[in-house]
Amino acid sequence: MLSEYYDDPSFGRKPPIAETIMVEYSSPNTNKPLHLGHLRNNFLGWSIAEILKANGYNVVKTCVVNDRGIHICKSMLAWIKFGNGATPQSTGIKGDHLVGDYYVMFENELRTQAEPIMQQLLKGDSNLLTGEEKIKAQQLWKKLQELPAGGEKGQEINNELRELARYNTPLMREVREMLLKWEEHDPATIELWKKMNGWVYEGFDITYRRIGVDFDKIYYESETYLLGKKYVEEGLKKGIFFRKEDGSIWVDLSKDGLDEKLLLRKDGTSVYITQDLGLIRLKYEDFHPDQSIYVIGDEQNYHMKALKLIAMKLDLPKAAGIYHLGYGMVELPGGKMKSREGTVVDADDLVDEMIIEARKKSAEQGKIEGFTEDELNQLYEVIGLGGLKFFLLKVDPKKRMVFNPEESIDLHGFTATFIQYAYARISSILRKEYPANEKSIIPSEPMPSVIPSEPLLLLEKELILLLEQFTTMIEQSAREHDPSVIANYAFRIAQTFNSFYSKHSVSNAETPGKKQLRLRICLMTSHVIKSAMGLLGIQVPQRM
RNA sequence: GGUCCCGUAGCUCAGUUGGAUAGAGCGGCAGCCUUCUAAGCUGUAGGCCAUUGGUUCGAAUCCAAUCGGGAUCACCA
């Protein structure tokens with residue numbers, strides 16, 4: 001094994017096969033900047049795509065941007081009301097953040113407007129409401145009177161009342177009007193929508209580039225949200241779906257353990273799942289994927305299960321190849337992230353912080369001699385960003401995880417830095433042995449094939465056995481859709497190498513044969529580390 | 001209430017196609033830099049694998065129940 005692959009940077013990867021897999025991930029809304037949860041999604045999606053490529057698949061990375069709907073209208077309305085013509089240029093604020101700021105302003109204003117209505121409702125006075133809502137509010141209020149205060153049920157009703165209050169504010173009325181205008185292609189509304197979305201995309205681009213994430217194809221919901229209706233008609237004809245008295249169209253999934261699911265509103269407009277069905281077809285026409293992986297939070301398990309079932313019932317192409325990679329929420333040590341409490345960790349801020357921290361810690365280490373300013377900046381980027389990616393990818397995607405800021409910037413233990421450090425040490429050895437090849441670290445002349453006469457030492461053997469497993473790991477991580485398999489593996493390699501390194505010398509090996517053997521082990525280890533980390537989207541430095 | 005996921009060391013996590021003394025990292029304690037980078041290495045303490053019952057020669061792993069945590073069940077997306 002060693003003599004065959006020691007100098008093969010692509011060791012572990014498989015030859016291409018004629019099978020296409022689409023990986024959909026990231027899929028942001030355009031009313032808010034990216035946050036910590038999105039980072040887990042992005043890193044996961046990107047890494048899974050790489051892992052599948054390493055298994056020989058043809059991979060198409062896609063992103064479905066949710067660029068339309070009431071949420072973006074909220075930002076637009078707040079901008080009209082409070083913006084005074086502010087732009088990213090005039091304020092110096094990154095586009096996605098600027099738009100996000102107006103979204104927050106909208107929510108604040110909404111709360112202010114809803115409060116007096118809520119107070120009225122709580123007094124049992126629902127005269128501010130009309131029709132069905134008035135009746136509903138009265139019913140809710142009566143129920144509330146019968147319940148003990150502070151109970152869970154009471155809280156629920158309270159929330160429903162609050163929803164009613166919010167819904168009936170002038171602000172919500174305005175924003176709904178705006179959405180209607182958008183749907184009627186009102187030129188001014190569309191223009192503003194395009195402008196503000198444009199700002200968001202500029203902002204997203206910067207973030208994506210920075211975190212090293214990209215896509216082969218981007219779909220916009222504004223272009224796809226009307227798709228899928230004809231499949232509903234089709235399903236209706238085939239008798240898979242049914243129509244209720246009010247005209248809405250449903251599918252009964254109770255035989256499959258789910259409930260009835262709405263597919264088309266009574267007014268004939270589509271819902272989330274309708275456009276998803278359309279998108280399946282569109283994706284198929286564009287790329288003919290054999291499998292389609294959706295990287296979406298596990299709170300959508302139910303939705304994705306329903307989507308797949310319906311697609312199978314409709315006999316959409318490759319419906320059986322739909323796979324939902326549902327990942328758990330990222331929580332903070334104090335609990336969930338809540339925008340209301342301002343505990344949302346912004347993606348851009350977090351990346352900045354990680355890099356600053358990398359700089360600080362490097363200075364503490366006192367290891368910055370002999371680097372140019374550019375090299376240092378690049379190194380901090382590699383360490384900071386790598387640390388963040390590794391932290392989010394090292395745990396099983398399916399599980400909820402706790403993001404501890406202090407732990408995430410740690411450079412010791414089960415971290416990217418630990419592995420990067422091992423790589424830098426190997427590079428240092430190889431640099432010394434092959435000074436002419438500092439850049440490539442690959443010797444220009446093949447090493448003489450020396451069959452070691454001495455038996456392998458324990459750590460040499462361990463390391464070789466571990467290296468041999470790389471192919472298996474790549475297979476396993478793809479099969480389980482789990483980059484943490486690779487992260488764990490890379491760590492074990494680095495760990496074993498560090499032990500080996502401190503116990504046995506390479507350049508001053510006991511015999512020339514041993515030296516050749518160890519050089520090969522080193523070379524191969526460095527290739528495997530670089531390759532494994534590459535699958536996670538993490539770079540490794542020659543020196544650090 | 002129905003469905004689904006989770007519960008392993010003080011903390012964060014591996015291990016779950018059943019197999020030998022349950023593994024890492026952090027944190028604690030004790031050591032190691034005149035030899036290839038100490039962002040490292042070595043040693044040590046710390047666990048009734050939520051609980052109870054079952055299947056089995058054998059269970060952290062499979063089954064059931066219970067307790068605790070979470071998600072979801074919208075004419076929202």
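Order of the sequence lines sets the chain letters (A, B, ...), proteins ahead of strands, with each chain counted from 1.
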The side chain of [X] is closest to which nucleotide in this list: [options]?
X	options	result
A:Y421	B:rC36, B:rA39, B:rA14	B:rA39
A:R400	B:rG69, B:rC41, B:rC36	B:rG69
A:Y302	B:rC73, B:rA24, B:rA38	B:rC73
A:K399	B:rG25, B:rA77, B:rC6	B:rC6
A:K305	B:rU3, B:rU72, B:rG40	B:rU3
A:Q275	B:rU35, B:rU37, B:rA77	B:rA77
A:R543	B:rU37, B:rC36, B:rA39	B:rU37
A:H412	B:rA38, B:rG40, B:rC13	B:rG40
A:N66	B:rC36, B:rA77, B:rA39	B:rA77
A:S499	B:rU37, B:rC13, B:rU42	B:rU42

Distance between [atom1] atoms of [N] and [M] (Å, rounded):
N	M	atom1	result
B:rC13	B:rG18	C1'	23 Å
B:rA60	B:rG70	P	28 Å
B:rA14	B:rG68	P	25 Å
B:rU17	B:rG54	P	24 Å
B:rA45	B:rG23	C1'	16 Å
B:rC26	B:rU42	P	11 Å
B:rU66	B:rC4	P	14 Å
B:rA24	B:rG1	C1'	42 Å

Under 4.0 Å, heavy atoms only, any strand: does [X] hit a base, just the sugar-phosphate, or nothing?
X	answer
A:N404	nothing
A:S362	base
A:K503	nothing
A:K266	base
A:M544	base
A:Q420	nothing
A:V271	sugar-phosphate
A:E221	sugar-phosphate
A:I383	base
A:D396	sugar-phosphate
A:F491	sugar-phosphate

Original post:
If you pin A:N301 and A:F414 to their nearest nucleotides in RNA chain B, which one's is more 5'?
Top reply: A:N301
**OP:** State whether the number of non-hydrogen atoms from other residues, nucleotides or ligands found under 6.0 Å of A:K244 atom NZ is greater than 12.
**Re:** yes
Original post:
What about the rings of A:Y323 and A:Y294, do their centers lie closer together than 6.0 Å?
Top reply: no
Original post:
Is the A:F371 to A:Y380 ring centre distance short of 6.0 Å?
Top reply: no
**OP:** For a ring pair (Phe, Tyr, Trp, His ring centres under 6.0 Å) with A:F491, tell me which candidate from A:Y421, A:F414, A:F497 qualifies.
**Re:** A:F414
Base-pairing mate for [N] - Watson-Crick or G-U, with both contacts under 3.5 Å:
N	value
B:rU17	none
B:rG53	B:rC63
B:rU72	B:rG2

Original post:
Ion pair present between A:K74 and A:E174, side-chain N to carboxylate O less than 4.0 angstrom?
Top reply: no
Original post:
Salt bridge between A:E510 and A:R518, side-chain N to carboxylate O under 4.0 Å?
Top reply: yes
Original post:
If we only count heavy atoms from C-beta on, is the A:E460 to A:F500 side-chain gap below 4.5 Å?
Top reply: yes
**OP:** Kindly indicate whether the side chain of A:S502 and the base of B:rC41 share any N or O donor-acceptor pair separated by less than 3.5 Å?
**Re:** no
